[in-house]
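See structure below.
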4 protein chains.
Amino acid sequence: MNENKINQRRSDIIEAAIQVFSEKGYHATKISDIAELLKIGHGTFYRYFKSKFDIFNAIADDLILHVGQMVTTEAPTESNSLEDYRAQLNRIGKSLFDIFMTDIRIFRIAFYELLGVDATLNEKLENAIKLFDLYTEQYLINGVNKCFLRPDLDTEVIAKAVNGMIFVSCKAVLDAEDKDAAYQRWMNSVSLLMLDGMALRA
Amino acid sequence: MNENKINQRRSDIIEAAIQVFSEKGYHATKISDIAELLKIGHGTFYRYFKSKFDIFNAIADDLILHVGQMVTTEAPTESNSLEDYRAQLNRIGKSLFDIFMTDIRIFRIAFYELLGVDATLNEKLENAIKLFDLYTEQYLINGVNKCFLRPDLDTEVIAKAVNGMIFVSCKAVLDAEDKDAAYQRWMNSVSLLMLDGMALRA
Amino acid sequence: MNENKINQRRSDIIEAAIQVFSEKGYHATKISDIAELLKIGHGTFYRYFKSKFDIFNAIADDLILHVGQMVTTEAPTESNSLEDYRAQLNRIGKSLFDIFMTDIRIFRIAFYELLGVDATLNEKLENAIKLFDLYTEQYLINGVNKCFLRPDLDTEVIAKAVNGMIFVSCKAVLDAEDKDAAYQRWMNSVSLLMLDGMALRA
Amino acid sequence: MNENKINQRRSDIIEAAIQVFSEKGYHATKISDIAELLKIGHGTFYRYFKSKFDIFNAIADDLILHVGQMVTTEAPTESNSLEDYRAQLNRIGKSLFDIFMTDIRIFRIAFYELLGVDATLNEKLENAIKLFDLYTEQYLINGVNKCFLRPDLDTEVIAKAVNGMIFVSCKAVLDAEDKDAAYQRWMNSVSLLMLDGMALRA
DNA sequence: GATGAATGAGCATTCATTCAT
DNA sequence: CATGAATGAATGCTCATTCAT
């Protein structure tokens, strides 16, 4: 069997596994569920993955890889003005939404399942989040350096808070019926919160 | 055995269950783990709770109840100026931290375990969050009405975004060594983000 | 449940396990076979033994213990003449036959199953045999010292050869219909071989 | 593919199987282990042997055949004196050692694996041993008839006892570092035991 | 009420064997 | 003929739950 077919089958199994994991959760998912979905023998699963945990790990790694790639695409020091920054924020938000919107099920796994399955996975997710936090902080530091963000920002803490908002946004947009409209609403509000605050200014 | 003793034992079991669930997670927790911790027979467990799921549900209900109570303590319409509002924000934040700081294990369960165990529980948590979002929105609406918050706020979306930040904050503070210091840093940054934004103003 | 009942049940399971192992062999024995024989749930088995290997090990240890006890009962330096020695040989042979005759199935396990299941078990059996060889050698050395056995005996090798004969004898006697008669025949021949040899002397 | 090639491949597979069976034991040996050793597809195995059991049987048959051939090479009635007999004993012992020394792995299979795999195989081995016992008995009877062995020998029993010693010897020699030296020691002791006995004679 | 012995449904995983290519 | 992907029967083991004592 050629390389392509093997990879195809592997992908099919991952695809089916994502489906079942996102529907039933890790623990309630039986290998036979995944196999049945593909109409293959459940022994076949084990030709492609070592164990149930193995495939879950593979899915998690994929997810984390995607997020990592996304985050590194934009250079943190690129923007030189508040306007640049707003635009950049928009691009980042868009990419993140795109990643998850491609497959809502992945997001569901990331948030409903990744934690609590296994200490290793917890750590993996924590590290991914930490990485994401660091990148966000770079943007903030850049803004402070370029003098378009407040000089007294607690960048470490604010980076995490901002990312918290972003994750909530992702979830909300993905749960919305009209995702484009939701995306606009959230983007506007998040960017308002981040840059301008809610207080009415004279 | 009188009513009191029964309730005492029930509480003991819940206490032990919280301990074990937060350490091992729902699926890895065995009823016998809980029983052993209390030095009772594991058959006894079933005289107080119908099933493993039953007690987990009870814990979740408790948690959600606490959050609900906290939220309703403050009247959303109380503050009349930005200063009042800042103060109120601080009180709300404090209460929330207090709930979770009383028992970090509860928080761990809420975030690491509640999701993914069962669809019913997911829904319950979603509802609690929705409730919390609604309350937060009331504060925003009050601020808009009283003219100390921007009139064009998308209160529904912003409420959710703000709550997202708050949850991230709770996690961060609880994970910190010096929780009081962390609380101050986070409270300052979150309230800055909420009210003033990061942009440097001329 | 009191200690006695627990031990009783444990013994019952061992008894049933010996039965099934000796009939079907280790690998072909299913835990459920053992459980069915006792009309107990197969989960019950695991209350008394950690695993299939665990109980097999327990049986092996028992067997080895018995042999060890038997061997140490007779003092190797007791006999002072060829006549004493013949008598002692008879006693030793008798004990060994007794051990195995109590339960032919144990013997079958020792010879048909103990080897090849697991390296640890192989080693255990080898050690038991080595021990037995050493004891036998003590008897030979005593005989040489007391001058009723040839001074040029290669005691190490001969001890092993003698024990080889003894094991073959055990097997033969146990397989015989009339075990008492068979015992007599074998005992006579083995002791003749050991002490006098087959050659006709002038 | 011509007959020769087919037989060659069959032999190769048997050779590899002996290797793996003797290393891992029957049950722990996977068909794919054998195939991998030969760098052939494991499906190919089934073109030459019906099943895992089939090849094991073939190996066992081979082994038994070899022993049979060896035993029949020497005519039991050849020796006419004790001296002849001693010499013949040496030749027989030598051939037996040779068979097994050619391939220690075969011996390991014979002793560690043949028993306990399957009732049919057990019976086969028993028959081979029985055959060997019968031949040995012929030598004894010849010795009695030719009056160089005691007239009162229980030839049936003694044949078996002697063979027991011989098997133990084989094992010991094969396990020894210096096999030639070991062979000498064992041969001397066994032949002493057989013909002369251990007792010191005046 | 308390206990913990008994239970068996349930599931991950292995591997001999088949058969389409 | 050779291959190795696919298969699924088979089994050890866990643990929530029951119930006799």
Side-chain angles (χ1 to χ4, degrees), chain A residues 1-2 5-6 8-10 13 27-36 38-55, chain B residues 1-2 5-6 9 27-36 38-56, chain C residues 1-2 5-6 8-10 13 27-36 38-55, chain D residues 1-2 5-6 9 27-36 38-56:
Chain A
M1 190 181 266
N2 67 48
K5 272 200 176 172
I6 290 180
Q8 182 54 49
R9 170 68 42 116
R10 212 184 130 92
I13 294 176
H27 288 99
T29 294
K30 288 172 277 178
I31 295 301
S32 58
D33 293 332
I34 298 172
E36 260 166 42
L38 293 169
K39 310 277 178 218
I40 62 173
H42 64 276
T44 306
F45 172 91
Y46 288 93
R47 294 189 56 76
Y48 296 87
F49 297 93
K50 241 180 43 257
S51 67
K52 183 178 170 180
F53 182 64
D54 185 38
I55 194 174
Chain B
M1 189 180 271
N2 65 46
K5 274 200 174 172
I6 289 180
R9 165 110 347 154
H27 288 99
T29 293
K30 289 174 276 179
I31 294 300
S32 58
D33 293 332
I34 298 171
E36 257 168 45
L38 292 169
K39 312 279 180 214
I40 62 172
H42 63 278
T44 308
F45 172 90
Y46 287 91
R47 303 198 60 77
Y48 295 88
F49 297 93
K50 240 176 53 252
S51 67
K52 183 178 174 181
F53 181 64
D54 186 38
I55 194 174
F56 194 70
Chain C
M1 190 181 266
N2 68 47
K5 272 201 176 171
I6 289 179
Q8 182 55 48
R9 170 69 42 116
R10 212 185 129 94
I13 294 176
H27 287 99
T29 294
K30 288 173 278 177
I31 295 301
S32 58
D33 292 333
I34 299 172
E36 260 166 43
L38 293 168
K39 310 278 178 217
I40 62 172
H42 65 276
T44 306
F45 172 91
Y46 288 94
R47 294 189 56 77
Y48 296 88
F49 297 94
K50 244 181 40 258
S51 65
K52 183 178 172 180
F53 182 64
D54 186 39
I55 196 174
Chain D
M1 191 181 271
N2 66 45
K5 273 199 175 173
I6 290 179
R9 165 117 336 160
H27 288 99
T29 293
K30 289 174 275 179
I31 294 301
S32 58
D33 293 332
I34 299 171
E36 257 168 45
L38 292 169
K39 311 279 180 214
I40 62 171
H42 63 278
T44 308
F45 172 91
Y46 287 92
R47 303 197 61 75
Y48 295 87
F49 295 93
K50 238 179 52 254
S51 67
K52 183 179 173 180
F53 181 64
D54 185 38
I55 194 174
F56 195 71

Inset, instruction - Output all residues satisfying side chain to side chain donor-acceptor pair (under 3.5 Å) with A/E36, sequence neighbours left out; order by chain, then residue number. - result: none
I need the minimum non-hydrogen distance between [X] and [Y], along with the two atoms involved.
{"X": "B/K52", "Y": "B/H27", "answer": "NZ-O, 3.6 Å"}
{"X": "C/S32", "Y": "C/H42", "answer": "CA-CB, 4.3 Å"}
{"X": "A/I13", "Y": "A/I34", "answer": "O-CG2, 4.1 Å"}

Legend entry - Under the 3.5 Å Watson-Crick or G-U criterion, the dot-bracket string of DNA chain F, with | for inter-strand pairs: .||||||||||||||||||||
Inset, instruction - Please state whether the phosphate of F/dA2, meaning OP1 or OP2, lies under 4.0 angstrom from any side-chain nitrogen or oxygen of D/Y48. - result: yes
Legend entry - Base-contact (B) and sugar-phosphate-only (S) positions in nucleotides 15-21 of chain E, heavy-atom cut-off under 4.0 Å, - elsewhere: SSBB---
Using whole Å, what does the distance between atom [atom2] of nucleotide [N] and atom [atom1] of [X] come to?
{"X": "B/L38", "N": "E/dT3", "atom1": "CG", "atom2": "P", "value": "10 Å"}
{"X": "D/I6", "N": "F/dA2", "atom1": "CD1", "atom2": "C1'", "value": "13 Å"}
{"X": "A/D33", "N": "F/dG8", "atom1": "CG", "atom2": "P", "value": "16 Å"}
{"X": "A/K39", "N": "F/dT7", "atom1": "NZ", "atom2": "P", "value": "12 Å"}
{"X": "A/I34", "N": "E/dC11", "atom1": "CD1", "atom2": "P", "value": "13 Å"}
{"X": "C/F49", "N": "F/dC13", "atom1": "CZ", "atom2": "P", "value": "13 Å"}

Inset, instruction - Sequence neighbours left out, what passes side chain to side chain contact (heavy atoms under 4.5 Å, CB included) with A/Y46? Give chain and number order. - result: A/I31
Inset, instruction - Just jot down the side chain to side chain contact (heavy atoms under 4.5 Å, CB included) partners of C/R10, sequence neighbours excluded, or say none. - result: C/Y48, C/F49, C/A58
Inset, instruction - Decide yes or no for C/F45 and C/I55: does some side-chain heavy atom of the first lie under 4.5 Å from some side-chain heavy atom of the second? - result: yes
Inset, instruction - Output the distance between atom CZ (C/R47) and atom CD1 (C/I40), rounded to the nearest 0.5 Å. - result: 11.0 Å
